[in-house]
*Asks:* 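What follows is a structure written as structure tokens; I'll ask about it next.
Basis for what follows: all heavy atoms, side chains included, without hydrogens, waters or symmetry-related copies. Naming: A, B, ... by sequence-line order, numbering from 1 per chain.
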Amino acid sequence: MSDHFQELPTRYDPATTETAVYERWLADRCFRAVPDDNPKRYCITIPPPNITGALHLGHALNNTIMDTLGRWKRMSGHNTLILPGTDHGGISTQSVVERDIAKEKLTRYDLGREAFTERVNQWADQYGNTILNQLKRLGCSYDWERTRYTLDEPYVDAIMVVFERLYEQGYIYLGYRIVNWCPFHRTAISDIEVEREDEQSFLYHIRYPFADGSGEVTVATTRPETMLGDTAVAVNPKDPRYEGRIGKALVLPLVHREIPLIADDFAEMDFGTGAVKVTPAHDPNDFEAGVRNHLPTVIVIGPDGRMNENAGAYAGSDRFEARKRILEDLEAQGYLVKTEPHTKSVGRCDRCKTVIEPLLSRQWFCRMTGTPMVSKAIAAARNDEVRFLPGRYREIYLTWMENLRDWPISRQLWWGHRMPLWRKSGGDPDDQASYVAARTREQAEEKAGTADIEQVEDVLDTWFSSALWPFATLGWPDSDADLKYYYPTNGLFTAQEILYLWVARMIMAGEEFLGEKPFDDVYIHATILDEHGRRMSKSKGNGIDPLDLIELYGADALRYFLMSQAGLRQDIRMKPIKDGRQEQVEQARNFCNKIWNASRFALLNLEGAAPMGDNRQPTPTTLVDRWILSRLSATAETVGDAFGTYNLDDAARALYQFFWDDFCDWYIEAAKPRFQGEGAAEAKAVLGYVLERTLRLLHPIMPFITEAIWQALPGAKANAGTGYLMFAAFPTGEVARRDEEAEAEWEIVQEITRTIRNVQAENQLKKGGEAYFIPSEPGFGEIARVNAPLIEFLTRCSPLAIGDVPGETVGMPNRYGEVRLPRPRASAEEIAQERARIEKELAKLEKELSGVVGRLSNESFVASAPPAVVEKARSQAADLQERGTKLRDRLASLE
RNA sequence: GGGCGGUUAGCUCAGUGGUAGAGCGUCUGUCUUACAAACAGAUGGUCGGGGGUUCGAAUCCCUCACCGCCCACCA
């Protein structure tokens with residue numbers, strides 16, 4: 001940040017600028033937010049990243065969106081709080097640490113619960129810090145003094161209060177049922193933590209003989225190893241094949257246990273053999289069938305995924321190994337009838353990809369179906385209290401909520417919030433009456449009436465604690481000063497993968513405990529994919545580290561790139577970094593460089609000039625000044641609207657187009673000659689004004705470079721009444737300043753300029769010669785005449801004359817007339833080349849013309865189309881015809 | 001098995017009824033006193049296929065194909 005921009009390099013160096021700017025913001029506590037009497041406030045509690053590792057591009061996108069909107073709101077006069085934090089990450093973090101200690105050939109059981117938890121804590125410290133630093137690198141204007149972590153004491157207290165209340169209200173109950181069991185983590189997980197995928201498998205047909213020797217029943221199964229736990233075989237009651245045999249005993253092969261043949265609707269007659277083996281302890285359907293038919297349960301697979309003592313000869317072997325052995329034995333003993341290929345949906349743990357084992361187990365559940373908590377959360381979406389963007393997610397959310405099943409909340413993990421549940425010694429573990437829920441041991445003893453109690457080992461599902469994020473971070477339940485001011489928060493920004501896991505549960509918790517939704521808008525943003533359209537992930541090794549991109553191109557470039565892609569679409573495809581380059585972000589870096597250099601130019605010219613007048617918009621009389629102010633006005637409007645409707649890509653595009661095309665390629669170019677003449681002062685004032693306003697518009701997306709330049713702009717701080725661009729008012733006053741007339745007139749100047757350049761380039765004419773413009777209407781000629789000095793500068797022609805030209809020329813008609821340039825010494829070859837060009841142009845014209853004429857000769861078009869459209873077509877036709885005539889004349893003159 | 005999103009220039013993507021755009025790439029020029037990470041110009045598309053509605057369809061409707069995502073307890 002130097003006042004001597006002319007001494008600065010011609011290339012923008014983000015590394016030094018970004019660090020310096022951020023340090024100043026931090027030193028002045030610019031991100032600090034506390035409640036005040038400002039009626040406008042904006043609050044986001046950021047989705048706390050899991051402390052599993054460093055941030056990925058998805059986080060960069062997520063946080064750039066929030067920071068951009070937050071900065072926009074802050075500049076728009078809102079008391080803005082963006083509250084950062086991290087999540088302990090439960091099973092995810094336990095997973096990565098288990099993998100980490102595996103490198104030392106250790107398991108969590110080797111370390112024991114206490115030592116393992118300590119390891120995870122070290123991990124959490126390390127990555128928690130890394131994450132927060134990465135967010136700072138990205139430029140996030142978050143209130144770091146409020147940083148929260150889900151294992152912080154006040155946060156844990158909030159969880160305990162919530163749990164106790166839910167328990168007392170009867171939401172939480174003990175259940176003994178089939179759950180998704182991950183044998184790697186040795187814990188239950190919920191349905192939404194299971195990934196399902198079709199895999200090629202086999203359907204095995206196995207013979208189960210009747211005990212009395214009167215034949216047999218053949219069952220079909222994909223999981224023969226579970227047969228050891230079979231307690232029945234079921235057929236459909238309507239199935240004629242088994243009529244009269246219901247109730248008879250079958251002998252279970254290999255184990256030689258007798259099990260009954262039962263009738264139950266769940267057996268489909270047309271699948272397999274119509275007979276299904278029933279294993280209540282290892283299949284949810286079978287479990288229900290078992291309950292209906294009062295069947296015993298036999299667990300044959302243990303928590304570690306190995307066959308247990310009930311598996312007889314197979315005890316101790318892994319479930320997949322057991323499958324192989326059982327098939328061999330069945331085959332050898334003549335029980336295996338046939339094996340056919342079969343596609344099967346296999347569930348895997350979404351963290352470790354281990355195949356899920358449906359296992360009968362004792363778990364704690366949170367009641368969902370039909371509860372007030374759920375209906376309130378449904379109502380909030382249905383009456384649009386909570387708005388979903390894109391809108392289609394509303395239906396997705398509602399469908400899910402309406403079919404919600406109870407939520408298993410206990411986890412047999414070591415990392416997380418231990419459940420505040422105590423069991424009286426000697427109490428039946430299957431009986432809920434043996435337990436008390438209490439926040440502390442003292443309270444538990446009091447409730448239990450004895451000190452002889454023991455806290456349950458299980459921890460809470462990590463999403464149970466995340467559900468409280470929007471209010472537990474704002475002081476609930478102890479203090480309500482922040483809650484009163486900042487709650488409900490304004491938005492929740494996330495990728496779609498945690499819509500159910502997290503978003504739905506926050507809405508329920510907010511409604512239940514605060515009596516109010518946690519946020520107004522749920523904005524589901526894109527997912528970042530690799531160049532082949534696959535999700536980025538560590539295991540695939542196709543991820544890109546955002547820090548690598550920041551180091552290559554700077555945070556502003558990364559932010560701009562992400563915002564330019566952050567439409568209401570589903571995903572963003574990114575190419576990998578190759579040979580030290582990433583094309584997409586490089587383009588954004590080039591934009592940063594453009595901003596840098598345009599600003600250098602302005603500062604060079606403004607240096608000697610007086611400070612930028614007052615804060616009001618200048619009212620110049622020169623066409624190009626009026627035009628750029630009108631374009632600034634249009635851009636300010638587009639950008640404001642786009643931010644307000646979460647169309648961040650529209651904002652990014654509009655800014656790029658305005659800055660590069662309008663401001664740099666036309667306005668600055670046209671400004672150069674004007675700095676010499678008599679209108680120099682006004683020209684400089686407008687240049688300074690437009691640049692300053694544009695920096696404000698750009699700032700939410702590209703905070704570093706804009707702040708750095710703005711600091712060096714003479715008069716900017718004084719006029720804005722703040723020492724920082726990040727607090728300068730976001731331009732809204734520009735909105736009503738469109739100047740249609742100036743835009744139309746400048747378009748004529750542009751068109752003449754383009755045509756001259758075109759003729760120059762196509763004919764490879766040297767710059768410097770005179771040019772002629774023959775207007776098709778006198779008004780066009782007048783505009784060309786007034787702006788001749790600019791056109792001359794922009795095309796390097798000299799001079800520009802209005803009217804016809806003597807001698808040998810080349811030229812091209814355009815919408816406003818015709819441009820002609822003298823052509824000295826044309827060779828036969830050159831003439832042939834020009835003929836070819838003109839013929840090509842003519843063909844293009846004619847094609848266009850025939851389309852328009854075709855429409856106009858269609859009576860129903862003229863009759864039914866809006867008059868404006870018809871009129872436009874007519875003038876288009878006339879215009880095309882005139883240009884065609886000119887081209888033909890030209891062609892004729894070349895003969 | 002249901003539902004959703006996508007398919008537009010070589011690549012990445014804009015464009016929701018008036019006859020298709022941007023950036024990158026490619027080609028041709030240019031050190032024009034902010035920028036070669038730049039400037040000027042050019043090249044490039046029967047808008048996935050088919051059908052329909054309409055004076056008119058990339059855009060609305062139907063259908064098919066392919067890619068991706070979500071949901072679902074047929075062994």
*Asks:* G10(B) pairs with which nucleotide, Watson-Crick or G-U wobble, both distances below 3.5 Å?
*Replies:* C24(B)
*Asks:* On RNA chain B, does the nearest nucleotide to Tyr12(A) precede the nearest nucleotide to Leu203(A) from the 5' side, or the other way round? Give the residue.
*Replies:* Tyr12(A)
*Asks:* Base, sugar-phosphate, or nothing for Pro866(A), non-hydrogen atoms under 4.0 angstrom?
*Replies:* base
*Asks:* Give a yes/no answer on whether the side chain of Lys578(A) brings an N or O atom under 4.0 Å of OP1 or OP2 in C11(B).
*Replies:* no
*Asks:* Just to be sure I understand the rule, does Ile396(A) reach a base, reach only the sugar-phosphate, or reach nothing, if contact means heavy atoms closer than 4.0 Å?
*Replies:*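 Result for Ile396(A) = nothing.
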*Asks:* Measure from the side chain of Thr221(A), starting at C-beta and using heavy atoms only, and say which of A75(B), C55(B), U12(B) lies closest.
*Replies:*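 Per side-chain heavy atoms of Thr221(A), the pick is A75(B).
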*Asks:* Is C74(B) paired to anything, Watson-Crick or G-U wobble with both distances less than 3.5 Å, and if yes, which nucleotide?
*Replies:* none
*Asks:* Counting only side-chain heavy atoms from C-beta out, which of C74(B), A37(B), C35(B) sits nearest to Glu669(A)?
*Replies:* C35(B)
*Asks:* Could you label the plane-to-plane angle of the Trp596(A) and Tyr12(A) rings as parallel, tilted or perpendicular, counting under 30° as parallel and over 60° as perpendicular?
*Replies:* tilted
*Asks:* Among Val337(A), Val233(A), Ile206(A), which one satisfies side-chain contact (heavy atoms from CB on, under 4.5 Å) with Thr218(A)?
*Replies:* Val337(A)
*Asks:* Look at all strands and tell whether Arg573(A) reaches a base, only sugar-phosphate, or nothing, counting heavy atoms closer than 4.0 Å.
*Replies:* sugar-phosphate
*Asks:* For the side chain of Arg796(A), counting heavy atoms from C-beta on, which of U43(B), A75(B), U32(B) is nearest?
*Replies:*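 Nearest nucleotide to the side chain: U32(B).
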*Asks:* What nucleotide among C35(B), U19(B), C55(B) has an atom nearest to a side-chain atom of Lys872(A)?
*Replies:* U19(B)
*Asks:* Nearest to the side chain of Asp665(A) - C39(B), C70(B), A34(B)?
*Replies:* C39(B)
*Asks:* Mind checking Gly274(A) for me? I need base, sugar-phosphate or nothing, with any heavy atom below 4.0 Å counting as a touch.
*Replies:* base
*Asks:* With no angle test and no hydrogens, is the base of A40(B) tied to the side chain of Glu762(A) by a donor-acceptor pair under 3.5 Å?
*Replies:*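 Result: no qualifying N/O pair found.
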*Asks:* Would you kindly check whether a donor in the side chain of Arg757(A) faces an acceptor in the base of A40(B), or vice versa, at under 3.5 angstrom?
*Replies:*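 Answer is no: no donor-acceptor pair is held.
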*Asks:* Under 4.0 Å, heavy atoms only, any strand: does Ala267(A) hit a base, just the sugar-phosphate, or nothing?
*Replies:* base
*Asks:* Considering heavy-atom distances to RNA chain B, does Met574(A) or Phe793(A) have its closest nucleotide positioned more toward the 5' end?
*Replies:* Met574(A)
*Asks:* From A38(B), U28(B), C13(B), pick the nucleotide closest to the side chain of Gln565(A)?
*Replies:*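 When the side chain of Gln565(A) is considered, C13(B) is the closest of A38(B), U28(B), C13(B).
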*Asks:* Given the ring of Phe793(A), does Arg796(A) sit roughly above its face, with NZ or CZ under 6.0 Å from the centre of the six-membered ring and within 45° of the axis?
*Replies:* yes
*Asks:* Using a 4.0 Å heavy-atom cut-off across all strands, classify Lys840(A) as base, sugar-phosphate, or nothing.
*Replies:* sugar-phosphate
*Asks:* Is there a Watson-Crick or G-U wobble partner for C31(B) with both distances under 3.5 Å, and which nucleotide is it?
*Replies:*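 The answer is none; no pair meets the criterion.
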*Asks:* Whether the side chain of Lys672(A) and the base of A34(B) hold a donor-acceptor pair under 3.5 Å is what I'd like checked.
*Replies:*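 Counting by modelled atom types and ignoring angles, a donor-acceptor contact under 3.5 Å is found here.
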*Asks:* Assign the ring pair Tyr667(A) / Phe663(A) to parallel, tilted or perpendicular, where the plane angle (0 to 90°) is split at 30° and 60°.
*Replies:* parallel
*Asks:* How is Phe266(A) classified with respect to the nucleic acid when contacts are heavy atoms under 4.0 Å: base, sugar-phosphate, or nothing?
*Replies:*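 Counting heavy atoms under 4.0 Å across all strands, the contact made by Phe266(A) includes a base.
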*Asks:* Would you indicate what Asn858(A) reaches in the nucleic acid, counting non-hydrogen atoms under 4.0 angstrom: base, sugar-phosphate, or nothing?
*Replies:* sugar-phosphate
*Asks:* When you compare the side chains of Asn236(A) and Asp265(A), does any donor N or O come within less than 3.5 Å of an acceptor on the partner?
*Replies:* no
*Asks:* What's the closest nucleotide to the Trp660(A) side chain, out of A38(B), C71(B), A37(B)?
*Replies:* A38(B)
*Asks:* Starting the side chain at C-beta, find the nucleotide from A37(B), C55(B), C70(B) nearest to Asn590(A).
*Replies:* A37(B)
*Asks:* Between C39(B), C11(B), A34(B), spot the one nearest the side chain of Lys575(A), thanks.
*Replies:*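 Minimum distance to the Lys575(A) side chain belongs to C11(B).
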*Asks:* Begin from the C-alpha positions of Glu834(A) and Arg823(A) and carry the test salt bridge (Lys or Arg N to Asp or Glu O under 4.0 Å) through to its verdict.
*Replies:* CA-CA 11 Å; Glu834(A) 197 190 341; Arg823(A) 182 188 51 195; 2.5 Å; yes
*Asks:* Select one nucleotide: of A75(B), G18(B), U12(B), the one nearest the side-chain heavy atoms of Val869(A).
*Replies:* G18(B)
*Asks:* Roughly how many Å apart are C27(B) and C60(B), using the C1' atom of each and rounding to a whole number?
*Replies:*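 C60(B) and C27(B) have their C1' atoms separated by 40 Å.
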*Asks:* Can you find a donor-acceptor N/O pair under 3.5 angstrom joining the side chain of Asn285(A) to the base of C73(B)?
*Replies:* yes
*Asks:* Contact class for Arg405(A) (heavy atom, under 4.0 Å): base, sugar-phosphate, or nothing?
*Replies:* sugar-phosphate
*Asks:* Examine Arg757(A) relative to Trp666(A) and say whether NZ or CZ is less than 6.0 Å from the centre of the six-membered ring and inside a 45° cone about the ring axis.
*Replies:* yes
